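Beneath this line is the structure, given in structure tokens, with notes to follow.
Just so we're clear, the structure is a prediction, and the values are computed from it rather than from any experiment. Residues: numbered from 1 along the sequence shown.
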Amino acid sequence: MKNKKVLSVLLAAAMAATLVAGCGSDDGKDNASGDSGKTGSGDVTLSIVGIKSEIYDQWEAMQEEYTDIAGLKGFEMQVTGDETIYSYMQKAYAAGNETVLAMFDPTNVYDFGEQYAVDLSGESWVKDTDWAISIGDKVASFPFCIEGRGIVYNKTAIEKVTGETFDPKSITSLADFTALCDKLVAGGMKSPAAIAQEDWSLGAHLFTLAYEQQDFTEEGTSAFIHEIVDGTKDFATNERYNSVMDTVDALRKYNIYANDPLSADYDMIASYMADGTIAFWFNGNWAWPNISEYVTDESAEFGIMPLVQDTSADDKANSMISGTATKQIIINNTASEAEQQAAKDFLTWLAEDDAGKSFLVEKANLVSPFNNNTLENSDPLSVSVKQHVADGTMYPTWNRAPGDHLTVVGGAMQKYLADGNRDALASSVVDYWTKNVDKID
């Protein structure tokens with residue numbers, strides 16, 4: 001989910017026959033892509049915004065390939081640069097220059113989907129997934145990938161420093177976690193952890209655990225937000241808020257950027273994670289493309305474990321990670337009928353065609369949200385997330401926070417990394433929700 005600083009550009013995909021040469025040959029696949037897949041949409045240009053920056057190159061290559069497969073006039077990609085997709089699309093809708101497709105975080109589907117999303121209820125892929133977002137009776141979005149978040153660990157580095165086998169399931173409390181960190185420090189790993197300073201990481205991924213883990217349901221999370229606003233519950237003294245922040249404080253203590261937490265560099269953290277300078281980083285499987293750039297030991301093992309806390313032994317927080325289909329694609333109903341149909345064809349290709357399935361899992365290294373996609377992931381963080389899904393140890397991420405939650409609450413969390421003032425953080429969060437609680441009704 002990292003949003004690299006990229007200039008806002010419009011890339012028109014050209015025909016690329018060399019990329020698809022031989023696609024129509026008999027390679028043993030049941031649904032091989034090739035000339036037979038052309039839709040005859042020669043006058044249609046598709047456009048999309050919001051592509052995950054981690055898969056930018058893979059998407060661009062696929063775009064060129066699909067343009068030829070579908071017989072499109074072109075396939076254009078816009079990127080938002082430093083701007084959030086929420087603010088970018090607010091301006092696009094207001095100006096009437098929105099793209100045919102938009103890749104959103106789930107919360108943005110709720111922000112814009114009721115008014116702008118084409119109803120996808122009749123599409124054939126709907127039966128193969130449980131991760132599409134419905135608004136009323138309308139299937140508003142196409143689930144693009146499943147992502148999970150927790151503490152990313154470098155198993156190989158831990159074992160090298162401690163001389164002991166590391167089983168993440170053995171870490172079932174904050175006390176276990178800090179004991180291991182102390183052992184790593186004693187073994188020469190000066191700072192075993194890192195915390196990213198980006199507002200999206202702090203506000204949209206880390207802090208929201210304090211809401212979600214009230215009862216581990218989306219309905220319960222929304223109810224809790226109402227309770228802290230109407231005063232039924234006091235957020236500052238809430239047990240879950242404080243147990244999450246106790247673990248955050250442990251990460252702050254062992255943070256490689258402890259002396260200046262807001263100087264943390266995302267790519268440097270990825271390199272530290274890859275080479276074993278650190279062992280732990282709160283993040284998700286989307287971080288693997290960044291980490292993998294620096295991995296030199298191909299046998300090194302990585303995974304994702306829960307953000308463990310000092311709570312009861314049967315607390316789900318100590319055995320489960322949070323996850324969902326974090327990226328969702330909508331088709332804008334302002335597009336022409338021909339554009340809407342071409343967009344539907346493209347989404348069906350991603351979900352049902354062998355080449356589309358391969359793009360998601362084998363090329364983009366994503367965890368597919370479709371039951372009919374049985375391809376195996378190769379990157380270790382996605383493998384870990386997929387195992388959590390299979391084991392039933394991933395609870396649903398709450399997706400109803402407004403689009404500016406990550407910037408406002410993320411900003412409050414940035415301040416907390418520097419000053420550790422928990423009461424001030426709680427006050428900022430309650431103040432935010434007092435102004436925005438009506439947006440989650």
Side-chain angles (χ1 to χ4, degrees), residues 1-3 84-86 104-111 133 146-152 195-229 233 235-236 238-249 251 281-287 304 306-309 311 315-317 320-328 385 388 394-417 422 425-437 439-440:
M1 286 195 176
K2 184 189 172 195
N3 184 20
T84 67
I85 187 68
Y86 175 76
F104 283 148
D105 293 332
T107 184
N108 305 132
V109 178
Y110 292 107
D111 291 332
I133 293 176
I146 295 174
E147 294 179 314
R149 68 195 200 274
I151 297 178
V152 177
I195 308 178
Q197 57 84 18
E198 283 79 5
D199 56 5
W200 56 262
S201 180
L202 297 170
H205 297 160
L206 180 53
F207 191 81
T208 49
L209 297 178
Y211 311 142
E212 296 172 350
Q213 294 182 354
Q214 295 296 322
D215 75 349
F216 298 88
T217 70
E218 295 179 83
E219 297 78 13
T221 301
S222 295
F224 175 72
I225 297 297
H226 282 275
E227 289 170 337
I228 64 172
V229 169
K233 291 185 178 177
F235 190 55
N238 178 259
E239 181 180 2
R240 178 62 70 187
Y241 166 60
N242 282 288
S243 68
V244 168
M245 296 312 295
D246 286 346
T247 304
V248 171
D249 282 349
L251 292 172
W281 181 19
F282 182 86
N283 215 319
N285 57 307
W286 55 84
I304 300 179
L307 185 92
V308 290
Q309 298 156 46
T311 47
D315 184 5
K316 292 180 180 179
M320 303 183 78
I321 66 170
S322 173
T324 192
T326 51
K327 291 297 180 182
Q328 304 269 344
V385 167
H388 277 290
M394 188 175 81
Y395 67 87
T397 296
W398 184 64
N399 294 315
R400 297 308 303 272
D404 65 348
H405 178 274
L406 68 88
T407 55
V408 177
V409 176
M413 275 290 285
Q414 288 173 333
K415 189 173 185 299
Y416 181 82
L417 290 187
R422 199 175 295 190
L425 175 61
S427 178
S428 297
V429 171
V430 174
D431 181 63
Y432 172 82
W433 282 114
T434 300
K435 298 173 183 175
N436 293 280
V437 67
K439 297 178 181 178
I440 63 172

Open item on the list: Using 30° and 60° as the class boundaries, would you call the ring planes of His405 and Trp433 parallel, tilted or perpendicular?
Closed with: tilted
Task: Nearest-0.5 Å distance that lies between atom CE in Met245 and atom CG in Leu251 - done: 10.0 Å
TODO: Taking Ser201 for its side chain and Glu198 for its backbone only, find out whether a donor-acceptor pair lies under 3.5 Å.
DONE: no
Open item on the list: On a heavy-atom basis, which atom in Tyr241 and which in Ala426 lie closest, and how many Å separate them?
Closed with: OH-N, 3.4 Å
TODO: Check the pair Thr326, Arg149 against side-chain contact (heavy atoms from CB on, under 4.5 Å), reporting the backbone distance first and the verdict last.
DONE: CA-CA 11 Å; Thr326 51; Arg149 68 195 200 274; over 6 Å; no
Open item on the list: Between Thr247 and Val308 (side chain of the first, backbone of the second, donor and acceptor by atom type, cut-off under 3.5 Å), is there such a pair?
Closed with: yes
Open item on the list: With a 4.5 Å cut-off on side-chain heavy atoms, are Arg400 and Thr107 touching?
Closed with: no
Open item on the list: Evaluate Ile228 against Asn238 for side-chain contact (heavy atoms from CB on, under 4.5 Å), listing each step before the verdict.
Closed with: CA-CA 10 Å; Ile228 64 172; Asn238 178 259; over 6 Å; no
Task: Gap between atom CD1 of Ile440 and atom CD of Glu218 - 0.5 Å precision - done: 12.0 Å
Open item on the list: Is it the case that the side chain of Asn108 and the backbone of Tyr86 share a donor-acceptor pair, with hydrogens and angles ignored and the cut-off at 3.5 Å?
Closed with: no
Open item on the list: To the closest 0.5 Å, what do you measure between OH (Tyr110) and CD1 (Ile133)?
Closed with: 4.5 Å
Task: Closest contact, heavy atoms only, Asn436 versus Tyr432 - done: ND2-O, 2.7 Å
TODO: Side-chain contact test, heavy atoms from C-beta onward, threshold under 4.5 Å: evaluate it for Val429 versus Phe207 and give yes or no.
DONE: yes
Task: Nearest-0.5 Å distance, OH of residue Tyr395 to CE of residue Met320 - done: 8.0 Å
- [ ] Measure up the Tyr211 and Phe224 rings against each other and bin them: parallel (under 30°), tilted (30 to 60°), perpendicular (over 60°).
- [x] tilted
Task: Backbone of Ala236 reached by a side-chain donor or acceptor of Asn242 within 3.5 Å - done: yes
Open item on the list: Could you report the tightest heavy-atom contact between Ala287 and Trp281, atom names first, then the distance?
Closed with: CB-CZ3, 4.3 Å
Open item on the list: I need the minimum non-hydrogen distance between Thr324 and Met394, along with the two atoms involved.
Closed with: N-CE, 4.1 Å
Task: Atom pair CG/OG of Leu206 and Ser322 - distance to nearest 0.5 Å - done: 11.0 Å
Task: Donor-acceptor contact below 3.5 Å, side chain Gln414 vs main chain Gln197 - done: yes
Open item on the list: Given Asp315, which partner from the list Arg240, Gln309, Gln213 fulfils the side chain to side chain donor-acceptor pair (under 3.5 Å) test?
Closed with: Arg240
TODO: Nearest 0.5 Å please: distance from the CG atom of Asp105 over to the CG atom of Asn399.
DONE: 8.5 Å
Open item on the list: Within the 4.5 Å heavy-atom criterion, are Met413 and Leu425 side-chain neighbours or not?
Closed with: yes
Open item on the list: One pair to check against salt bridge (charged side-chain N to carboxylate O under 4.0 Å, His left out): Arg422 and Asp246. What are the steps and the verdict?
Closed with: CA-CA 10 Å; Arg422 199 175 295 190; Asp246 286 346; 3.0 Å; yes
TODO: Looking only at non-hydrogen atoms, find the nearest pair between Ala204 and Leu406 and report the distance.
DONE: CB-CB, 3.8 Å
TODO: Using a 4.5 Å cut-off on heavy atoms from C-beta on, say whether the side chain of Thr397 contacts that of Glu212.
DONE: yes
TODO: Please answer whether the main-chain N or O of Lys233 pairs with a side-chain N or O of Glu227 as donor and acceptor at a distance below 3.5 Å.
DONE: no
Open item on the list: So which atom in Asp199 and which in Thr407 form the shortest heavy-atom distance, rounded to 0.1 Å?
Closed with: OD2-CG2, 3.6 Å
- [ ] Output, in order, the C-alpha distance, side-chain angles, deciding distance and verdict of side-chain contact (heavy atoms from CB on, under 4.5 Å) for Ile195 and Leu202.
- [x] CA-CA 9 Å; Ile195 308 178; Leu202 297 170; 3.9 Å; yes
Task: Aromatic plane relationship, His205 with Trp200 - under 30° parallel, 30 to 60° tilted, over 60° perpendicular - done: perpendicular
